[in-house]
Amino acid sequence: MKQIVVLTGAGMSAESGIKTFRDDDGLWRSHRFEDLATPEAWQRNPQLVLDFYNERRKQLFEVAPNAGHIALAKLENSFDVQIVTQNVDDLHERAGSKNVLHLHGELKKVRSTTNPSLVYTMDHWELKLGDVCAEGGQLRPHIVWFGEAVPNIGQAISLVKKADLLLVIGTSLQVYPAASLIGYAPHGVPVVLIDPKASPATHHLNLRIIRQTAAVGVPVFVDELLHNLPA
Ligand code: APR
């Protein structure tokens, strides 16, 4: 079965009501990420960091997958689909996608600051100072902050190297190592970008750009794939 790898970014969830980072109304337009998404920020002002992720986690309980997420889940009926997402929301999973690899962590998960192997899933939105792991260590967001390692990048590279099609949706491709994934698509494998403002720096040989939003462009592209299936 053909292997489709889908690299998604914040634009995938924009039509679900979740802000992106670098659009005009993006998160980094109203916050300094250095104050919120770095280990130094956590050391300097843990309450401010907790508040930032609590607000985003709270919103997660109020939003739903959009037509783009749902179309990707439908694709799994006919292809071997692997989602590699930079997003920390759970909208791919809630839409029904089974194979989702998070590069930058998960908003609904928290982990011990004293034993990182202790990871917990939250069923409520608020993480507080004083919320501790089984060993008594303060819990922190299970998010990859700027300057921290991206543990799943090796697995992501292996997946892209085996892809028969690489679909890239809603990412500015400005953050590494995630952005480097596009370069691991095997020679000749089609790379399709779906993004209303796509302006890729990459000069991939077999690149197609669909300047549409995720909720509009992804269902159309998925239907195109499903209708071109060999009889
Ligand atoms: N549909 C598809 N794409 C969209 C939509 C939409 N409705 N709205 C915006 N976009 C596109 C923008 O044109 C842009 O290319 O989504 C992209 C969003 O880019 P960023 O805000 O930079 O988000 P992303 O690429 O996911 O950022 C990568 O940076 O801050 C870190 O860890 C954070 O995972 C994040 C990483």
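Counting convention: from 1, in listed order, for ligands and their atoms alike. Note that the numbering runs from 1 along the sequence shown for the chain.
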| Under the side chain to side chain donor-acceptor pair (under 3.5 Å) rule, what pairs show up with a residue in residues 97-108, not counting sequence neighbours? | Asp90-Lys108, Glu93-His102, Glu106-Lys109

| message | Does Val84 form a side-chain contact (heavy atoms from CB on, under 4.5 Å) with Val5? I'd like the steps, not just the answer. | response | CA-CA 7 Å; Val84 176; Val5 175; 4.0 Å; yes

| task | Quick one: which residue pairs count as a side chain to side chain donor-acceptor pair (under 3.5 Å) with a foot in residues 118-138, not counting sequence neighbours? | result | Asn115-Glu135

| said: Would you say Asp80 and Gln3 are linked by a side-chain donor-acceptor pair, where the criterion is simply a distance under 3.5 Å? | reply: yes

| message | Given a heavy-atom cut-off of 4.0 Å, could you list the residues near ligand 1 in chain and number order? | response | Gly9, Ala10, Gly11, Ala14, Glu15, Thr20, Phe21, Arg22, Asp23, Trp28, Gln86, His104, Phe146, Gly170, Thr171, Ser172, Val175, Asp195, Pro196, Lys197, Thr213, Ala214

| task | Anything under 30° is parallel, anything over 60° is perpendicular, the rest tilted; go ahead and classify Trp42 against Trp145. | result | tilted

| task | Determine which pairs satisfy side chain to side chain donor-acceptor pair (under 3.5 Å) with at least one residue from residues 205-226, sequence neighbours left out, and list them in order. | result | Glu15-Thr213, Lys74-Asp223, Arg208-Glu224

